[in-house]
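The chains referred to below are lettered A, B, ... by the order of the sequence lines, with proteins before strands, and numbering in each begins at 1.
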There are 2 protein chains.
Amino acid sequence: MKKCNNGVSMKDVGILVLGHGSSLPYNRELVESLAQIIQKNHFGPVKTAYLNTNGPRIPEGLQSFSGTGVTKIIALPLFLAHGVHTREDIPRELGVDLQSRRGLVRIGELDIEVICAEPLGLDQCIASLAYRRAEEALR
Amino acid sequence: MKKCNNGVSMKDVGILVLGHGSSLPYNRELVESLAQIIQKNHFGPVKTAYLNTNGPRIPEGLQSFSGTGVTKIIALPLFLAHGVHTREDIPRELGVDLQSRRGLVRIGELDIEVICAEPLGLDQCIASLAYRRAEEALR
């Protein structure tokens with residue numbers, strides 16, 4: 001079974017994949033598809049929630065882990081870069097500390113540690129994918 | 001020299017990397033860093049512009065190719081998914097057709113074809129990078 005660095009079994013960790021939300025369907029479709037791919041690699045439960053417009057919203061998304069047996073939840077913002085959404089809005093909706101990006105949240109009848117991950121950020125794979133989109137546009 | 005599928009030399013193609021813009025510095029830092037990585041792989045000029053808040057804005061970004069000798073410009077939105085920004089706001093700011101996402105734009109004294117690429121979209125690399133961010137949050 002996959003273990004992370006501090007010895008927590010990954011099957012005890014829930015992942016709440018977070019999208020921006022949109023009045024058009026594409027953000028939701030992308031977030032749900034990425035969550036399905038992540039679920040294939042992750043032993044614990046993977047769920048989705050949205051900051052705006054789409055549902056479930058973030059507090060409902062957290063509560064959806066009630067009864068799953070997870071001991072930690074990683075909130076995983078599918079955002080390219082930090083901004084007001086990832087620094088303030090999402091931690092506030094999660095009910096965690098804005099500086100440490102973690103805290104205990106009451107889920108069902110348990111206090112569960114919720115940790116907000118960093119956004120995607122700088123990585124060669126983003127640059128490569130973007131360049132591929134540029135090449136495709138020329139065809 | 002690198003050729004794309006329709007025989008246009010890539011050195012004759014300018015890439016305008018487009019960011020959302022933000023009141024915090026992180027979106028701009030990410031967009032500029034990704035543009036620098038893209039420039040290392042691209043023979044033609046690579047420039048940046050922003051939809052909101054940061055500068056240069058999109059019309060100025062297009063005009064910045066004046067005198068570079070490019071015969072086409074690919075506008076490359078660094079957005080995860082399509083939404084109102086990529087479907088409407090960006091094509092409108094570029095001055096291209098909203099359906100075909102392309103058009104001729106007067107740049108300096110020339111009419112140059114501008115093509116708006118697709119956003120990053122669904123790709124295994126985004127899911128892998130996101131899962132890495134989840135693992136890092138547990139450390």
Side-chain angles (χ1 to χ4, degrees), chain A residues 4-6 8 10 13 15 17 19-20 22-31 33-38 40-42 72 74-84 86-87 101-102 115-139, chain B residues 4-6 8 10 13 15 17 19-20 22-31 33-38 40-42 72 74-84 86-87 101-102 115-139:
Chain A
C4 58
N5 280 6
N6 58 3
V8 175
M10 283 301 258
V13 174
I15 297 180
V17 180
H20 184 286
S22 170
S23 58
L24 293 178
Y26 313 108
N27 180 263
R28 188 171 206 283
E29 288 170 3
L30 180 70
V31 169
S33 296
L34 289 170
Q36 284 173 22
I37 298 174
I38 290 168
K40 287 183 191 160
N41 294 292
H42 183 65
K72 283 181 198 278
I74 306 293
L76 181 56
L78 288 184
F79 287 65
L80 279 172
H82 267 306
V84 176
T86 60
R87 288 282 196 201
R101 303 174 66 74
R102 59 181 65 207
I115 306 169
C116 187
E118 296 291 295
L120 297 170
L122 186 60
D123 195 273
Q124 174 68 48
C125 87
I126 303 276
S128 299
L129 180 58
Y131 195 64
R132 189 162 16 117
R133 297 296 179 236
E135 291 177 312
E136 288 164 357
L138 275 171
R139 284 176 196 160
Chain B
C4 59
N5 280 5
N6 57 3
V8 175
M10 283 302 257
V13 175
I15 297 180
V17 179
H20 184 286
S22 170
S23 58
L24 293 178
Y26 312 109
N27 180 264
R28 188 172 207 284
E29 287 170 4
L30 180 70
V31 170
S33 296
L34 289 170
Q36 284 173 22
I37 298 173
I38 289 168
K40 286 182 191 160
N41 294 292
H42 183 65
K72 281 180 198 280
I74 305 293
L76 181 56
L78 289 184
F79 287 66
L80 279 172
H82 267 306
V84 177
T86 60
R87 288 283 195 200
R101 303 174 66 74
R102 59 181 64 207
I115 306 168
C116 187
E118 296 291 294
L120 296 170
L122 185 61
D123 195 273
Q124 173 68 48
C125 86
I126 303 277
S128 300
L129 179 58
Y131 195 64
R132 188 163 16 118
R133 297 294 178 238
E135 291 177 313
E136 288 165 357
L138 276 171
R139 285 176 196 157

Which pair of non-hydrogen atoms, one from [X] and one from [Y], has the smallest distance, and what is that distance?
{"X": "Leu129(B)", "Y": "Cys125(A)", "answer": "CD2-SG, 4.1 Å"}
{"X": "Tyr26(B)", "Y": "Ala81(A)", "answer": "O-CB, 3.8 Å"}
{"X": "Ala117(B)", "Y": "Ile74(B)", "answer": "CB-CG2, 4.0 Å"}

- Task: Answer with side chain, backbone, both or neither: which region of Arg87(B) has an atom nearer than 4.5 Å to a non-hydrogen atom of chain A?
- Result: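 Arg87(B) touches chain A through side-chain heavy atoms alone.
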- Task: Please state whether the side chain, the backbone, both or neither of Leu122(B) comes within less than 4.5 Å of a heavy atom of chain A.
- Result: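 Contact with chain A is through both the backbone and side chain of Leu122(B).
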- Heavy-atom pairs under 4.5 Å with chain B are the metric here; pick the option from Leu76(A), Ile37(A), Leu24(A), Leu78(A) that has the most.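 Going by pairs under 4.5 Å, I would pick Leu76(A).
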- Residue among Pro119(A), Ser22(A), Ser23(A) with most heavy-atom pairs under 4.5 Å to chain B: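 Counting heavy-atom pairs under 4.5 Å, the top option is Pro119(A).
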- Query: Among all residues two or more places apart in sequence or in another chain, which pass the salt bridge (Lys or Arg N to Asp or Glu O under 4.0 Å) test with Glu29(B)?
  - Reply: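 Checked Glu29(B) against salt bridge (Lys or Arg N to Asp or Glu O under 4.0 Å); zero matches.
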Just give me the residue among [options] that pairs up with chain A most often, heavy atom to heavy atom, under 4.5 Å.
{"options": "Asn27(B), Thr86(B), Ile38(B), Leu80(B)", "answer": "Leu80(B)"}
{"options": "Ser128(B), Gly83(B), Ala134(B)", "answer": "Ala134(B)"}
{"options": "His82(B), Glu136(B), Glu118(B)", "answer": "His82(B)"}

- Show your reasoning for whether side-chain contact (heavy atoms from CB on, under 4.5 Å) applies to Ile126(B) and Leu34(A). CA-CA 8 Å; Ile126(B) 303 277; Leu34(A) 289 170; 3.8 Å; yes
- With a 4.5 angstrom heavy-atom cut-off, which part of Arg102(A) approaches chain B: side chain, backbone, both or neither?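 Interface part for Arg102(A): side chain.
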- Query: So which part of Leu120(A) gets closer than 4.5 Å to some heavy atom of chain B, the side chain, the backbone, both or neither?
  - Reply: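 Both parts, backbone and side chain.
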- Would you mind listing every salt bridge (Lys or Arg N to Asp or Glu O under 4.0 Å) that reaches into residues 120-129 of chain A, with sequence neighbours excluded?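 Output for this query lists Asp123(A)-Arg132(B).
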- Message: Donor-acceptor pair, distance only, cut-off 3.5 Å: does the side chain of His42(B) make one with the backbone of Val13(B)?
- Response: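 Answer holds: yes.
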